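Heads up, the thing below is written out as structure tokens.
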Protein chains: 2
Amino acid sequence: MGKRETDSKGAESPVRFSVDRSSPVPLYFQLSQQLETAIETGKLAPGSLLGNEIELAGRLGLSRPTVRQAIQSLVDKGLLVRRRGIGTQVVHSQVKRPLELSSLYDDLEAAGQKPATRVLLNTTTEATAEIAAALGIAEGAEVALVERLRFTHGEPVAHLRNHLPAGLIDLSTERLEETGLYRLMRAAGITLHSARQAVGARAATVEEGERLGEPEGAPLLTMQRTTFDDTGRAVEFGSHVYRASRYAFEFQLLVRP
Amino acid sequence: MGKRETDSKGAESPVRFSVDRSSPVPLYFQLSQQLETAIETGKLAPGSLLGNEIELAGRLGLSRPTVRQAIQSLVDKGLLVRRRGIGTQVVHSQVKRPLELSSLYDDLEAAGQKPATRVLLNTTTEATAEIAAALGIAEGAEVALVERLRFTHGEPVAHLRNHLPAGLIDLSTERLEETGLYRLMRAAGITLHSARQAVGARAATVEEGERLGEPEGAPLLTMQRTTFDDTGRAVEFGSHVYRASRYAFEFQLLVRP
DNA sequence: CCGACGTGATTGTCCGGACAATGTGACCTC
DNA sequence: GAGGTCACATTGTCCGGACAATCACGTCGG
């Protein structure tokens with residue numbers, strides 16, 4: 001298919017933006033949200049120019065740095081591309097989410113599935129050497145241990161095993177069956193910052209097969225993840241197993257030059 | 001007057017930074033690189049404060065916006081955390097790479113392995129419906145097709161199959177055996193922008209097992225990836241298979257609030 | 001003794017301007 | 001007509017300043 005599209009550059013600012021100076025929401029954020037909405041709804045066509053920053057600033061009654069800040073945030077999101085001497089263009093690829101640190105629960109819910117959780121285990125134990133190393137605590141220290149089965153449409157999808165430092169949050173089995181672990185942590189005031197992940201595959205053991213409804217030797221997706229909050233403290237270590245026949249990781253990622 | 005004696009912040013600047021105004025390298029970038037180096041080498045200890053922006057600007061002979069720009073770039077990388085009223089802290093978790101869009105070749109090379117490539121196929125073919133949809137071209141259109149085996153230490157690690165729009169770059173078999181595909185594309189002036197990936201697992205077929213030295217039914221990691229350049233054009237569709245016993249995806253990701 | 005309050009420190013937001021670097025397109029020369 | 005040259009448009013970088021928002025901590029009052 002031809003890449004060339006009708007370069008109708010005549011369409012000058014079909015979209016009207018405005019900011020509310022009495023709002024506590026930062027001006028650049030108001031603008032970036034309006035821009036993002038216009039892009040997502042197609043009001044700003046892919047490939048179209050955005051109009052130069054100075055004129056845009058003048059039209060909105062903002063300064064150029066403020067407009068630049070708004071634009072930059074969308075460039076960081078991958079929605080816009082700046083070209084010196086040309087202007088700022090709307091990227092016309094299907095950018096969705098640049099791989100958020102989301103729980104499986106959120107993933108499934110976003111995919112329109114209705115996730116359910118069965119808590120198999122909710123207790124405390126002593127950290128093994130592996131767990132202690134991942135969480136940065138002493139071997140033998142007390143840690144919370146949660147094992148869950150995650151279902152969609154009544155079918156098991158994954159077996160989730162999580163270790164958390166003792167006393168970090170209150171893990172009620174009821175709430176664990178209602179929502180995802182990350183939501184509970186965020187609700188407890190923990191600000192997640194980064195995670196280190198490893199994704200691999202292996203054959204199912206007999207026990208794993210029984211739990212997940214797969215035969216022995218069936219391929220399973222594995223993920224191990226250590227999550228850190230913004231102080232650098234490890235707040236969670238997860239060791240998860242997914243049915244490869246039912247689940248795959250899908251994500252979008254951006255290039256940061 | 002009741003001057004404050006608790007001047008604890010004064011002892012917080014053991015590192016000296018400097019900028020070269022005659023260099024064509026932007027000042028904020030010079031500073032951010034020096035900061036990054038200081039963090040990586042441990043000269044700036046994890047958890048330590050950075051000294052407030054105004055003082056830092058004055059010490060370097062820069063303006064505060066410039067210093068802020070340098071700091072912000074490292075905050076975006078996950079190396080620093082800003083706290084209003086407190087200061088800017090060095091994160092003390094082991095941040096490595098926030099999941100770049102890298103080729104397997106670069107991954108292996110960075111891991112200290114010595115990757116080798118054998119080109120199995122380097123030709124053109126007609127796009128199937130799946131390929132056409134992934135690349136956004138017409139079904140039956142001509143596409144380049146490359147199949148490679150990737151080795152480390154003489155052992156096969158992955159089987160890579162790539163489809164590219166016809167005529168995008170010149171795919172010489174020799175260069176494909178020397179380096180990775182992404183490097184060739186970048187060298188051809190293509191600026192990679194984003195990619196959509198799916199990672200899953202499945203059991204090896206007989207043929208796959210023979211190619212990779214695994215028995216039939218062995219678990220394999222699979223990845224499908226469509227890569228886009230900054231105009232939104234799809235430049236590559238890859239369908240890859242990795243030996244799960246020899247390879248796993250490892251990466252770090254950041255939370256973008 | 002303990003909580004409310006204020007104060008200082010620091011980052012967050014915003015402004016207006018200046019010049020540099022870069023890519024496009026028209027113009028000019030050969 | 002082909003190719004190089006130059007003006008123009010646009011983003012990139014940088015400055016100096018101003019005020020607001022937020023957090024830690026010491027002080028004061030109950």
Side-chain angles (χ1 to χ4, degrees), chain A residues 7 9 12-13 19-33 35 48-76 80-90 189 191 230-231 257, chain B residues 1-13 19-33 35 47-76 80-90 189 191 230-231 257:
Chain A
D7 295 339
K9 58 154 186 150
E12 269 300 319
S13 67
V19 291
D20 175 11
R21 299 194 91 94
S22 68
S23 163
V25 178
L27 300 178
Y28 79 91
F29 194 74
Q30 292 184 37
L31 176 56
S32 74
Q33 281 201 319
L35 285 169
S48 63
L49 275 305
L50 209 60
N52 75 63
E53 298 169 348
I54 298 175
E55 182 223 3
L56 191 55
R59 192 140 44 89
L60 287 166
L62 298 174
S63 71
R64 189 181 164 215
T66 301
V67 171
R68 275 183 68 80
Q69 192 174 2
I71 292 176
Q72 188 59 46
S73 71
L74 296 183
V75 172
D76 290 340
L80 297 176
V81 178
R82 320 183 84 138
R83 292 175 195 280
R84 191 183 297 201
I86 311 297
T88 304
Q89 266 183 317
V90 180
T191 59
D230 56 3
T231 70
Chain B
M1 326 301 179
K3 171 114 175 147
R4 245 222 161 81
E5 299 298 331
T6 56
D7 193 15
S8 56
K9 301 295 181 292
E12 294 277 359
S13 57
V19 293
D20 174 11
R21 299 195 91 95
S22 68
S23 163
V25 178
L27 301 178
Y28 79 91
F29 193 74
Q30 292 184 37
L31 176 54
S32 73
Q33 282 202 319
L35 284 169
S48 64
L49 275 303
L50 210 58
N52 75 64
E53 298 169 348
I54 298 175
E55 181 223 5
L56 191 54
R59 194 138 44 89
L60 287 166
L62 298 173
S63 70
R64 188 179 163 215
T66 302
V67 172
R68 274 183 69 81
Q69 193 175 2
I71 292 176
Q72 187 60 45
S73 71
L74 297 183
V75 172
D76 290 340
L80 297 176
V81 178
R82 321 183 85 138
R83 292 175 194 280
R84 193 185 294 202
I86 310 297
T88 303
Q89 267 183 313
V90 179
T191 59
D230 56 2
T231 70

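Just so it is clear: chains get the letters A, B, ... in the order the sequence lines come, proteins before strands, and each one is counted from 1. Note that this is a predicted model, so its numbers are computed, not measured.
Not a single donor-acceptor pair under 3.5 Å links the side chain of S23(A) to the backbone N or O of D20(A). Between the side chain of Q30(A) and the backbone N or O of V25(A), at least one donor-acceptor pair lies under 3.5 Å.
Taking 4.0 angstrom as the limit, T88(B) places a side-chain polar atom (N or O) nearer than this to OP1 or OP2 of dT11(C). Under 4.0 angstrom from either OP1 or OP2 of dT13(D) there lies at least one side-chain N or O belonging to Y28(B).
Salt-bridge annotation for R64(B) and E55(B): absent, with no side-chain N of the basic residue lying under 4.0 Å from a carboxylate O of the acidic one.
Residue N52(A) contributes atom CG, which lies 8 Å from atom C1' of dA9(D) at whole-angstrom precision. A straight line from CG of L50(B) to P of dT10(C) spans 12 Å, rounded to a whole angstrom. Taking atom CG of residue L31(A) and atom P of nucleotide dC14(C), one finds them 10 Å apart after rounding to whole Å.
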Please list, for nucleotides 23-28 of chain C, all pairs of protein and nucleotide N/O atoms separated by less than 3.5 Å.
residue, atom, partner, partner atom, Å
dG23(C), O4', R84(A), O, 3.3

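Within a heavy-atom distance below 4.0 Å of DNA chain C, the residues of residues 62-72 of chain B found are R64(B), R68(B).
Between L62(B) and T66(B), the shortest heavy-atom contact is CD1-CG2, 4.3 Å.
Side chains of Q89(B) and R82(B): no donor on one and acceptor on the other come within 3.5 Å.
DNA chain C is contacted by both G61(A) and G87(B); G87(B) maps to the nucleotide lying nearer its 5′ end (nearest heavy atom per residue).
Listed nucleotides: dG12(C), dC14(C), dT13(D). Nearest to the side chain of R82(B): dG12(C).
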